[in-house]
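What you see below is based on every heavy atom in this structure, not just the backbone, and it leaves out hydrogens, waters and symmetry mates. For clarity, every value in this text was computed on a predicted model and none was experimentally measured. When a ligand or atom number is given, it counts from 1 through the structure's own listing order.
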Amino acid sequence: MSERHYCDLLIIGSGIAGLSAAISARDAGLDVIVISKESDIRESNTCHAQGGIVCQGEDDSPELLTRDVVEAGDGISNPEAVRVLASEGPIAVEEFLIKKVHVPFARTEAGRFEYAQEGNHSRRRILHAMDRTGKAIEESLVARLSAMKDIRVFPGYTAIDLLTLPHHSRSPLSLYEEPTCIGAYVLNNRTEKVERIFSCCTILATGGLGRIYQHTTNPHCATGDGYAMAARAGARLINMEYVQFHPTTLFHKDADGFLISEAVRGEGGRLTTKDGSHFMEKYSPLGDLAPRDEVCRAMYEEMIKRGDSYVYLDIAGFARIDLKKRFPEIYGKCLSLGINMAKEPIPVVPAAHYSCGGVHVDVWGRTSLKNLYAAGEVSATGLHGANRLASTSLLEGLVWGLRSVRHIGEHLLREKSYKESDIPEWIYPDQEDESDPALIHQDWVSIKSTMWNYVGIIRTEKRLERATADLRYLSNRIDDFYRKSHLNPMIVSLRNGVQTAFLVASAAFRNRKSRGTHYIA
Ligand SMILES: Cc1cc2nc3c(=O)[nH]c(=O)nc-3n(C[C@H](O)[C@H](O)[C@H](O)COP(=O)(O)OP(=O)(O)OC[C@H]3O[C@@H](n4cnc5c(N)ncnc54)[C@H](O)[C@@H]3O)c2cc1C
């Protein structure tokens with residue numbers, strides 16, 4: 001018999017949403033299991049976040065934050081979610097991240113917190129730990145978690161599918177029950193065997209989907225697993241077409257989506273084509289300081305028109321400051337790849353950065369599937385509407401991680417509505433094929449280039465039609481491959497990646513109105 005585990009609460013994912021939920025759930029006396037598909041639980045989008053997390057600045061108020069979030073969301077932010085974030089967010093940062101978890105946010109010489117300013121924020125309200133905010137948060141959460149007793153953390157466990165009733169039950173009577181999540185089938189990456197985790201409630205905190213695009217700022221784990229798992233389980237997803245792109249990531253084979261902060265343009269950096277011509281004035285009266293979306297579209301148009309794979313960001317000729325001092329990370333990274341930004345332009349390309357849509361949840365993190373909650377980037381509270389205000393995503397993960405646990409703690413029922421013997425172990429194929437890494441690699445190339453070229457920064461009806469057709473075909477092929485192969489984490493991610501890509505492409509195809517990050521030419 002394969003391994004089985006039992007808990008009150010299963011948390012899938014160990015970024016800010018998953019770990020805040022885990023710590024508060026354990027504090028509330030729940031029996032918790034946390035799994036992460038990475039062998040180092042810190043690896044997550046959270047750990048790569050640079051700028052900071054929204055709090056309440058000195059001359060700030062929840063009303064001002066609400067106004068900024070709604071403006072960024074282009075008119076379709078969920079007012080209830082914005083109200084919750086604006087009123088509870090700063091308190092959660094203070095009570096949980098600062099007092100309980102002791103995140104070392106930057107302070108002024110006088111010992112007060114240092115609030116940074118970011119684009120489209122009407123106040124200085126961003127707490128940060130220089131340009132390593134995510135790492136500081138993630139490491140503090142992991143330190144707190146490690147100091148807690150009686151919490152089970154399983155690194156190197158990849159969730160394959162949510163266990164649901166009636167779908168996974170052998171009992172015909174389950175059909176009359178409300179569809180319910182009762183845990184997950186998970187792959188132990190080391191043994192390559194599938195285990196079952198039975199839970200009273202489950203929080204999906206699997207982060208984003210950037211890796212379904214050719215260019216992205218997201219780390220390897222962001223293959224969109226949670227969206228695909230939730231969709232297969234029958235949960236409702238919304239706003240999947242709204243994928244935010246970041247204009248400037250370093251274009252280099254070894255840069256792996258390294259972000260070049262917008263502050264470089266703020267300090268005078270200018271975008272040019274490969275032959276050195278400035279182009280932003282043609283697209284916006286604000287030139288190089290136009291909003292993110294406009295800059296991304298202009299860069300993309302120039303690249304397509306000229307058949308170039310990148311443009312340049314030139315600060316060498318314009319900077320009035322010491323670049324090494326002002327941008328130590330960026331300067332160091334560029335130099336390590338042979339680019340001296342003080343002397344030459346930096347090759348850059350826009351990249352997929354953040355998914356505004358996802359698994360629909362209410363203000364308590366409840367999805368449409370009973371006993372399944374979602375928090376963080378995989379979820380769609382509606383906060384971001386059609387576009388995200390910078391530095392609100394870490395805060396959203398924190399607030400909904402904590403609120404989900406509050407709701408679970410108040411409503412937990414430990415009696416089971418099913419017999420465990422009705423829930424089968426994982427069924428392996430009679431004859432398993434070895435998975436061919438060349439096939440996996442090529443399938444990823446197809447997914448990423450389809451998403452980049454047809455479901456990227458500028459979309460058209462024809463491109464989206466082609467994308468949905470191609471991805472549907474690819475998804476069927478990959479599903480067949482998945483069913484016949486010996487399971488490993490790479491195949492699980494590939495299957496999720498193609499299904500999530502299809503979800504984004506088909507949502508974009510259905511929505512003919514340009515809004516926020518979704519632009520149809
Ligand atoms: C370069 C970069 C800079 C950013 N800067 C900022 C910023 O300054 N401010 C801000 O607010 N936001 C920023 N963001 C966005 C922000 O980091 C993310 O939205 C946020 O961290 C998401 O947190 P999360 O807990 O939802 O998911 P993540 O932190 O991504 O965690 C997801 C977890 O799920 C696990 N997982 C995934 N699939 C599975 C599976 N099948 N089985 C088991 N485990 C799984 C992963 O291993 C990981 O542990 C940035 C993002 C990037 C990439």
So, is Pro219 polar-close to ligand 1, with some N/O to N/O distance under 3.5 Å?
no
Do Glu241 side-chain atoms and Val504 backbone N/O form a donor-acceptor pair below 3.5 Å?
no
Compare Leu389, Leu204, Thr223, Asp225 and give the one whose heavy atom is closest to atom 40 (C) of ligand 1.
Asp225
Atoms of ligand 1, numbered as shown, that sit under 4.0 Å from any heavy atom of Tyr157:
42 (N), 43 (C)
Flag, side chain of Thr381 to backbone of Ala81, donor-acceptor distance under 3.5 Å:
no
For ligand 1, is there an atom lying under 4.0 Å from some heavy atom of Ser391?
yes
Pairs flagged by ring-ring contact (aromatic ring centres under 6.0 Å, His included) wherever residues 183-205 is involved - sequence neighbours left out:
Tyr6-Phe198, His168-Tyr185, Tyr185-Trp426
Which protein heavy atom lies closest to atom 19 (O) of ligand 1, and at what distance to 0.1 Å?
Glu377 OE1, 2.7 Å
Among Thr206, Thr223, Asn189, which residue meets the side-chain hydrogen bond (donor to acceptor under 3.5 Å, both in side chains) test with Lys37?
Thr223
Looking only at atom types and distance, does a side-chain atom of Asn188 sit under 3.5 Å from a main-chain N or O of Glu192, one as donor and one as acceptor?
no
Keeping the roles fixed (side chain from Thr46, backbone from Ile16), state whether a donor-acceptor pair exists under 3.5 Å.
yes
Restricting to heavy atoms, the pick from Ala184, Ser14, Ala352 nearest atom 49 (O) of ligand 1 would be Ser14
Within reach of ligand 1, part of Arg388 (heavy-atom separation under 4.0 Å)
side chain
Atom 25 (O) of ligand 1 has as its nearest protein heavy atom Ala17 N, 3.0 Å
If you measure every N/O of Ile12 against every N/O of ligand 1, is any gap under 3.5 Å?
no
Numbering as shown, the atoms of ligand 1 that approach Glu43 to under 4.0 Å (heavy-atom distance)
47 (O), 48 (C), 49 (O)
Keeping Thr392 on the side-chain end and Leu389 on the backbone end, is there a donor-acceptor pair under 3.5 Å?
yes
Any heavy atom of His220 closer to ligand 1 than 4.0 angstrom?
no
Side chain or backbone, does Gly376 bring an N or O within less than 3.5 Å of an N or O on ligand 1?
no
Got the closest protein heavy atom to atom 4 (C) of ligand 1, with its distance?
Ala49 CA, 3.3 Å
Please work out which of Ala375, Ala21, Gly207 has its closest non-hydrogen atom nearest to atom 27 (O) of ligand 1.
Gly207
May I ask you to check whether Gln50 has an N/O atom sitting below 3.5 Å from an N/O atom of ligand 1?
yes
Sidechain-backbone polar pair: Ser44 side chain, Arg42 backbone, donor-acceptor under 3.5 Å
yes
Is there a donor-acceptor pair under 3.5 Å between the side chain of Ser379 and the backbone N or O of Val359?
no
Determine whether Val101 and Phe96 satisfy the following criterion, side chain to side chain contact (heavy atoms under 4.5 Å, CB included), listing intermediate values before the conclusion.
CA-CA 6 Å; Val101 177; Phe96 189 85; 3.6 Å; yes
Any Gly52 heavy atom less than 4.0 Å to ligand 1:
yes
Based purely on interatomic distance, does His48 place a nitrogen or oxygen under 3.5 Å from a nitrogen or oxygen of ligand 1?
no
Do Gly13 and ligand 1 have an N or O pair less than 3.5 Å apart?
no
Considering both backbone and side-chain atoms of Gly51, is one of its nitrogen or oxygen atoms within less than 3.5 Å of a nitrogen or oxygen in ligand 1?
yes
Residue, atom and distance of the protein heavy atom nearest atom 52 (C) of ligand 1 read His353 CE1, 3.7 Å
Atoms of ligand 1, numbered as shown, that sit under 4.0 Å from any heavy atom of Thr392
11 (O)
Should the pair Arg515-Asp293 be classified as a salt bridge under the 4.0 Å nitrogen-to-oxygen rule?
no
Can you list the atoms of ligand 1 that are under 4.0 Å from a heavy atom of Thr158?
41 (N), 42 (N)
With only distance considered, is Ser393 within less than 3.5 Å of ligand 1 through an N or O on each side?
yes
Atoms of ligand 1 under 4.0 Å from any heavy atom of Glu38, numbered from 1 in the order shown, are 47 (O)
Have His121 and Arg125 got a donor and an acceptor in their side chains that come within less than 3.5 Å?
yes
For atom 11 (O) of ligand 1, which of the options Thr133, Leu398, Leu394 provides the nearest non-hydrogen atom?
Leu394
Do the side chain of Tyr300 and the main chain of Gly456 share a donor and acceptor less than 3.5 angstrom apart?
no
Option from Arg388, His353, His384 for which side-chain hydrogen bond (donor to acceptor under 3.5 Å, both in side chains) with Gln244 holds
Arg388
Looking at atom 42 (N) of ligand 1, what's its closest protein heavy atom, distance included?
Ala159 N, 2.8 Å
Using a 4.0 Å cut-off to any heavy atom of Tyr354, which atoms of ligand 1 qualify?
19 (O)
For atom 47 (O) of ligand 1, the protein heavy atom that lies nearest, with its residue and separation:
Ser36 OG, 3.3 Å
Students should be able to answer this: which protein heavy-atom is nearest to atom 20 (C) of ligand 1, and at what distance?
Thr46 OG1, 3.9 Å
For Lys37 and ligand 1, does the shortest N/O to N/O distance drop below 3.5 Å?
yes
Report yes or no: is the cationic atom of Lys448 (NZ for Lys, CZ for Arg) closer than 6.0 Å to the six-membered ring centre of Tyr213, at no more than 45° off its axis?
no
Sub-3.5 Å N/O-N/O distance, Glu118 and ligand 1
no
Test: Arg124 cationic atom under 6.0 Å from Tyr115 six-membered ring centre, within 45° of axis:
no
Charged tip of Arg107 within 45° of Phe113 ring normal and under 6.0 Å
yes
Would you say Leu259 contacts ligand 1, with heavy atoms under 4.0 Å as the rule?
yes
Do me a favour and list the nearest non-hydrogen protein atom to atom 37 (C) of ligand 1 with residue, atom name and distance?
Thr206 O, 3.3 Å
So, Thr164 side chain and Thr180 main chain: donor-acceptor pair closer than 3.5 Å or not?
no
Proximity to ligand 1 by part of Ala205, non-hydrogen separation under 4.0 Å
backbone
Any donor-acceptor pair under 3.5 Å linking the side-chain atoms of Ser199 with those of Asp8?
no
Using heavy atoms and a 4.0 Å limit, tell me yes or no: is Gly397 in contact with ligand 1?
no
I'd like to know if the side chain of Asp68 pairs up with that of Asn120 as donor and acceptor (distance under 3.5 Å, no hydrogens or angles considered).
no
